[in-house]
Amino acid sequence: MANDARPTTNDASAKLTIPFNHLGEVLYRDLEHRLAQHIREFLRSSYGVDLEKIVIEQPRVELGEYAMPLAFELAKKLRKAPRKIAEEIVSDIGSIDGFAKLEVAGAGYINARVDRTALAVALAKNDKPAVESSSGKVLVEHSSINPNKAAHIGHLRNAILGDTFVRLLQFAGRTVDVQNYIDNTGVQVADVVVGFLHLDKKSRAQIEELAGKPRFDYYCWDLYAKVSQWYEQSAENKKVRLQTLHEIEEGRNETAAVAELISTAVLRRHLETMDRLDIEYDFLPRESEILHLHFWDAAFEKLKEAGVLSFETEGKNKGCWVMRRAGTSGVARAPSPAGNEAETGAISSTVDQDPERVSEEDQKVIVRSNGTVGYVGKDIAFHMWKFGLLGRDFGYRKFYSYPNGHQCWISAEHGEPEHPHFGDVERTYNVIDARQSEAQNAVIEALRGLGHGEYADKLTHFSYEMVALTPRCAAELGYELSEDDKGRAYIEVSGRRGFGVKADDLLDALIAAAKQEVNSRHPELAESERQKISEQIAIGALRYFMLKYTKPSVIAFDFKDALSFEGETGPYAQYAVVRASNIFRKGGLDPNAFCRDVASNVSAEELTKFLGDNDLWELWLSASKTAYIIDQCIATTEPAYLAKHVFQLAQLFNTFYHRYPILSEADESRKRFLLATAAVVRRELTRALGVMGIQVPPVM
RNA sequence: GCGCCCGUAGCUCAGCCGGAUAGAGCAACGGAUUUCUAAUCCGUAGGUCGGAGGUUCGAAUCCUCCCGGGCGCGCCA
């Protein structure tokens, strides 16, 4: 799996490319860069040592803000006790701007203490994050749901991860194109077409009428499961499937028209479902256009020319164009540097005599012997288009206008003359589940084989694990489980079997559960207001739920956990912000003013005094980390770190809220300080939740 | 068979660039609020970090092997 290196914030390569935040304020992230750079230079000049990476940890707050165990590492090289080295470094390094001091602790830790007052003032003034000047455009492809049935919880994880990653990139100042690839000519659509035409025996007009109904995708969900059973009944039925698929790919016939009608209607439903979660797309490239605009033909020529594809004249893949499967590079893989003689020998003995020929089991068929191209081939062509390497473009048509005015475009054979420019991006992230990593690697290797290693390196498979149902959840939904399944930790969702939780159903259930709470807590509010708040809470719960697990973890879905609004949940964090807002509302004060004007509201001496309290300081410190955490999320393609951070900050705030009554505080300057604290945390929490796509209700 | 992922408290998960007492949430039990305060807070209990070796001053974290579970390896997409 594509696990990038850990955060690059203190890599040697990053020290010159990430400038200090000249226009904005110096926050936690910037201080870390500064510290790492200072240490690095000091070690070089004083010891002649060039450390590859300076490890910087985050210690308990009473020990400082940054902790460096580097003296332990240097002990070997310098043949001195770690404690001694640490002491030398601390006494010789001099002062670092923004830091109060360095200290030696334990057996040789070097702990750095920041200038708390300076960091707090910088944080308070940081009302909009400084925007990095971005180079090229970034493309994030996510969702990509087959347009033949309702979206389910697995698709929700994909879309929420993808949308959050888009927001993370935008926070960091990148320009992002959001694409949702639509496989509108594949077997899955064909199956539903077969269902309408051959099982339900519906006319085109009848289908058209059904497609206009509110939850047409639910109808397709059931039909798709029925068709799958129908295929099992006879070989004759399966032939219908092939015939139908063929007609759809061909285009310009009645079957293709029906398929277009169905897939477009389901696609609209998907967009509506995702819009409920504030997830929007810019462009919907469809497979039909990749076929009809002959993207493959252009790609095929270049791939042959570059020698990525070879034609098989014998064996099981006779008559096919094949490429080497990713990860099987017998010739290309150099023995590991540490590899011993025996290992090298073992490799050379398994390599084919003819180094050009790929052994049969390492072949991936790209073009079938009947001349048709498979999914991976089309994906290669598509990715050549993404990076501007294909020499062809889609036509573009307006497709969907969001209530907020945003326009979503779709691919077309003959597009509108005026349209925005998609493609030609500098970097691509594909949010696709882990089961497709081999196919994704094939695309990457094809780009490399074409001589475009620079793009291969900038194509990231944003891989995550699936959402499955716990046996208990499946039983609650009324599914019959085999004895085998009952013993499993989780059971995979299956559209083909109609087994799963639909996205809209889950959202409805969440809204209903939230509504019940809101009704009992705020009967004085208007119905429309209670509804709006319930939706915000439901979205908060759902998005947080999908983001709190790290990507490699399979989510074993359970209604009890997903419908929870307490503990480590989105509503917990939303509630913390609401509480902060309550203070200002009841006090008749403007929280933003308390951020902006902290320096005039609280004197530097007083600020320093109050921040000397570790509990209060910990809250400020955590609030100062938003940009730092977001950098980490992007570098590691892991949004879960932001979810963890939001929860931690909300938790610290709730403790603070409980411990310090603010409005009744008698000491005026202390009161102003506490208000500034609440205001800053409120702003940072709101900001971080916003990056997760979670809004905060006015009351809860 | 080959490849990738997972295995940490009763349950669900963090931690894994080696480092200072292994953390949360849920569940359980016991407490707190006429207040900006209960979608909350505080406390108690709960762990041979799947197992065995190895590297190291130091391993949940790195390496090897094993066990258990998941996923992928198609002229499907």
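In what follows, chains carry the letters A, B, and so on, assigned in the order in which the sequence lines appear, proteins first and then strands, with residues in each chain numbered from 1.
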Practice task
May I have the distance from A:R79 (atom CZ) to B:rC57 (atom P), rounded to whole angstrom?
Solution key: 12 Å
Problem - Note: A:D191-A:R496 ion pair, threshold 4.0 Å (strictly below) - result: yes
Problem - The single option from A:R157, A:R435, A:K551 passing side chain to side chain contact (heavy atoms under 4.5 Å, CB included) against A:E465 - result: A:R157
Exercise for the section: Name the nucleic acid region contacted by A:K316, choosing base, sugar-phosphate or nothing; use a 4.0 angstrom heavy-atom cut-off, strictly under. Expected result: base
Could you go over nucleotides 7-12 of chain B and give all protein N or O partners under 3.5 Å, atom names and distances?
residue: B:rU12; atom: O2'; partner: A:Y549; partner atom: OH; Å: 3.4

Exercise for the section: Using a 4.0 Å heavy-atom cut-off across all strands, classify A:F584 as base, sugar-phosphate, or nothing. Expected result: nothing
Practice task
Could you verify whether a donor N or O on one side chain and an acceptor N or O on the other, from A:Q188 and A:K149, lie under 3.5 Å apart?
Solution key: yes
Handout entry: Distance, P atom - from B:rA24 to B:rC66, rounded to whole angstrom
Key = 37 Å
Practice task
Looking at every strand, decide which applies to A:R659 at a 4.0 Å heavy-atom threshold: base, sugar-phosphate, or nothing.
Solution key: nothing
Fill in the blank from the handout: From CD of A:Q440 across to P of B:rC5 the rounded distance in Å is 17 Å
Completion exercise
So OG of A:S553 and CD1 of A:I555: to nearest 0.5 Å the spacing works out to 6.5 Å
Handout entry: Value in whole Å for how far the C1' atom of B:rU35 lies from NZ of A:K671
Key = 13 Å
Problem - Distance, rounded to the nearest Å, where A:E360 contributes CD and B:rC73 contributes P - result: 18 Å
Practice task
Assess whether atom NZ of A:K532 is packed by more than 12 heavy atoms of other residues, nucleotides or ligands within 6.0 Å.
Solution key: no
Exercise for the section: Select from A:K318 and A:L663 the residue whose nearest nucleotide in RNA chain B is closer to the 5' end of that strand. Expected result: A:L663
Exercise for the section: Just say parallel, tilted or perpendicular for the rings of A:F557 and A:F559, cut-offs at 30° and 60°. Expected result: perpendicular
Problem - Watson-Crick or G-U counterpart of B:rG43, or none if no pair lies under 3.5 Å - result: B:rC29
Handout entry: Minimum-distance nucleotide to A:M466 side chain [options: B:rA39, B:rC71, B:rC57]
Key = B:rC71
Practice task
For A:R579, answer base if it contacts any base atom (sugar-phosphate contacts may also be present), sugar-phosphate if it contacts only those atoms, and nothing otherwise; contact means non-hydrogen atoms under 4.0 Å.
Solution key: sugar-phosphate
Exercise for the section: Tell me whether the OP1 or OP2 atom of B:rA77 has a side-chain N or O from A:R368 closer than 4.0 Å. Expected result: yes
Practice task
For B:rC76, take OP1 and OP2 only and decide whether either is under 4.0 Å from a side-chain N or O of A:Q188.
Solution key: no
Exercise for the section: Looking at every strand, decide which applies to A:V518 at a 4.0 Å heavy-atom threshold: base, sugar-phosphate, or nothing. Expected result: base
Exercise for the section: Quickly work out the A:F653 CZ to B:rC41 P distance and round it to whole Å. Expected result: 12 Å
Problem - Side-chain N,O (A:Y575) to OP1/OP2 (B:rA38) below 4.0 Å - result: yes
Fill in the blank from the handout: Whole-Å distance, A:F382 CZ to B:rA77 P, equals 17 Å
Problem - Nearest-Å distance for atom pair NZ/P, residues A:K378 and B:rA77 - result: 6 Å
Handout entry: CG-CG distance between A:L649 and A:N654, expressed to the nearest 0.5 angstrom
Key = 10.0 Å
Exercise for the section: Would you kindly compare A:Y375 and A:E492 by the position of their nearest RNA chain B nucleotide and give the one closer to the 5′ end? Expected result: A:E492
Exercise for the section: Hey, could you give me the OG/CZ distance between A:S564 and A:F545, rounded to the nearest 0.5 Å? Expected result: 9.5 Å
Exercise for the section: Using a 4.0 Å heavy-atom cut-off across all strands, classify A:E361 as base, sugar-phosphate, or nothing. Expected result: nothing
Problem - Pi stacking test for A:Y490 and B:rG70: under 5.5 Å apart, planes under 30° - result: no
Handout entry: Gap in Å between the two P atoms, one belonging to B:rC49 and one to B:rC62, rounded
Key = 15 Å
Handout entry: Within 45° cone and under 6.0 Å: A:R497 NZ/CZ vs A:F499 ring
Key = yes
Practice task
Would you mind reading off the distance between A:E465 atom CD and B:rC6 atom P, rounded to a whole angstrom?
Solution key: 9 Å
Practice task
Taking only the side-chain nitrogens and oxygens of A:Y464, find out if one of them lies under 4.0 Å from OP1 or OP2 of B:rC4.
Solution key: no
